[in-house]
J.: 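I'd like to ask you about the structure that follows.
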There are 2 protein chains.
Amino acid sequence: MSKRPADPANGSAPAARQVPMRDFSRSLPMSLLRAREAVMRQFRPSLREHGLTEQQWRILRALAAIEAAEVTELARTAFLLGPSLSRILRDLEARNLIERKTAKADQRRSMVSISKEGVKLMASVAPTSEAIYAEITSRFGARKLAELQEMLGELEQSLAGLGAGNEASAEE
Amino acid sequence: MSKRPADPANGSAPAARQVPMRDFSRSLPMSLLRAREAVMRQFRPSLREHGLTEQQWRILRALAAIEAAEVTELARTAFLLGPSLSRILRDLEARNLIERKTAKADQRRSMVSISKEGVKLMASVAPTSEAIYAEITSRFGARKLAELQEMLGELEQSLAGLGAGNEASAEE
DNA sequence: CGGAGATACTTAACATGTTAAGTGAATGCG
DNA sequence: CGCATTCACTTAACATGTTAAGTATCTCCG
């Protein structure tokens, strides 16, 4: 915690004060970003030791839960955009952590599933991951955690269809 | 670690059910990610119209608030990693939105400040930005928003020094 | 049946996240 | 003073976020 006065001899004649705006560091996006970073910082080292990134881990977890899914469904579940998912799946497949086969009914779709190796990897990561989650829960408080998640869900709900359903705007 | 039932070993039966884990879509990182995305989705179009990314906007806001700062301080304020900030500053400087000059006392440090053009750009973006923020606040509720931010701050606090201060671990 | 349009991805291109290494400038200490 | 360390950044390298195009397929309507 290196505190710093941060006033190099002047700094008293600002040029931009016309728009106060929110204190900035207290804006909602920043709060969410910082909180998430604080949480992820706990998990990254462990994942890294197993050669996984956060997103790769999300995909494996999603696959382990739903068994097999189309790419689009997986993108929704793991909350990744198509292009990101496409790249990651290519890598995970090359590492034999997942398997892919095109659906017979619709040649465009491909079904993705976790491989035996993928399951093994998950099994080796899960304990640590769970322990970290437990530590976080314990530090913050299980009840508060549940409350927080509830609020986050409500926030998401209250904004649903605000940025997507603006069908009455300009098209360019 | 603990052994696992593990009953895959064939083609048609499911192969991944061994590690329940949290419902996944209900994990804290996912909740935070989704909430943040729901919020940012509102701002991105407007920023984009002004040729700014979320991070560039964060930097300009930070600079407008603190007037002038060293790169490291700015990184802390805008919550960006050094390398990202370095790249973005290079671009913002090329676009004449910010100014840089090396400190005379310490040649390593460089002081960054927002330019007149930068201030103008901010002034043109701020109204829309504020309007969106107001809409979000109104939808979610000002009181709940304050509560949420409070909880997020507490979460951050409760995890501070968990992943960074483990000075007693292996070094490799 | 055939071609326009919709679908399910994949590629491309650019910006940032993340970690490691590099550079030049201060500092500390013998 | 000399030089190893530390500091404040910057570069590099790889992975993902984000938007726009591209590619096969599939659907549907005339």
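Each chain gets a letter, A, B and so on, in the order the sequences are listed, and its residues count up from 1. Being a predicted model, the structure only gives us computed values, none of them experimental. Reckoned from all heavy atoms, side chains included, excluding hydrogens, waters and symmetry mates.
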J.: Answer yes when B:Arg143 and B:Glu147 have at least one side-chain N-carboxylate O distance shorter than 4.0 Å, and no when they do not.
T.: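 No, this pair does not count.
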J.: In whole angstrom, what separates B:Glu93's CD from D:dC9's P?
T.: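 Atom CD in B:Glu93 sits about 14 Å away from atom P in D:dC9.
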J.: Which letter, B, S or -, goes with each nucleotide of nucleotides 14-19 of chain D from 5' to 3', with contact meaning a protein heavy atom under 4.0 Å?
T.: -SBBBB
J.: Would you say that B:Met151 contacts A:Leu152 through its side chain, given a criterion of any heavy-atom pair below 4.5 Å between the two side chains?
T.: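 In short, these two side chains do not touch, never coming nearer than 4.5 Å.
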J.: Check this for me, if you would: do A:Glu70 and A:Arg108 make a salt bridge, where the nitrogen-to-carboxylate-oxygen distance has to be below 4.0 angstrom?
T.: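 Answer for the salt bridge query: no.
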J.: Considering all heavy atoms of both residues, which atom of A:Val39 and which atom of B:Pro29 are nearest to each other, and what is their separation?
T.: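 So the minimum-distance heavy-atom pair works out to CG1-CG, 3.7 Å.
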J.: Please report the C-alpha distance between A:Met30 and A:Arg34 in whole Å, then the side-chain angles of each, then the deciding distance to 0.1 Å, and finally whether the side chain to side chain contact (heavy atoms under 4.5 Å, CB included) criterion is met.
T.: CA-CA 6 Å; A:Met30 281 297 277; A:Arg34 301 225 281 229; 4.3 Å; yes
J.: Answer yes or no: does a side-chain N or O of B:Thr72 lie under 4.0 Å from OP1 or OP2 of D:dC9?
T.: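 Answer yes for this pair, as a side-chain N or O of B:Thr72 is under 4.0 Å from OP1 or OP2.
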J.: Could you list all N or O pairs between the protein and nucleotides 26-29 of chain D that sit under 3.5 Å apart?
T.:
residue: D:dC26; atom: OP1; partner: A:Gln107; partner atom: N; Å: 2.7

J.: I would like to know whether A:Arg41 and B:Glu156 meet salt bridge (charged side-chain N to carboxylate O under 4.0 Å, His left out); could you show each step before the answer?
T.: CA-CA 11 Å; A:Arg41 201 195 316 282; B:Glu156 215 187 321; over 6 Å; no
J.: Rounded to the nearest Å, what distance is computed from the CZ atom of residue B:Arg100 to the C1' atom of nucleotide D:dT10?
T.: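 Spelled out: CZ on B:Arg100 to C1' on D:dT10 is 9 Å.
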J.: Taking CD from B:Glu73 and C1' from D:dC7, how many angstroms apart are they, rounded to a whole number?
T.: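 Going from CD in B:Glu73 over to C1' in D:dC7 covers 16 Å.
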J.: Can you hop from A:Leu47 to A:Ile59 via hydrophobic side chains spaced under 4.5 Å?
T.: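 A:Leu47 and A:Ile59: one cluster.
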J.: Tell me which one of B:Leu89, B:Val71, B:Thr72 satisfies side chain to side chain contact (heavy atoms under 4.5 Å, CB included) with B:Ser110.
T.: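 When side chain to side chain contact (heavy atoms under 4.5 Å, CB included) is applied between B:Ser110 and each of B:Leu89, B:Val71, B:Thr72, only B:Val71 qualifies.
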J.: Just how far, in rounded Å, is P of D:dC9 from CG of B:Leu89?
T.: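 In whole Å, D:dC9 P and B:Leu89 CG are 10 Å from each other.
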J.: Examine C:dA8: is either OP1 or OP2 under 4.0 Å from a nitrogen or oxygen in the side chain of A:Arg76? Give yes or no.
T.: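 Looking at the OP1 and OP2 atoms of C:dA8, neither is under 4.0 Å from any side-chain N or O of A:Arg76.
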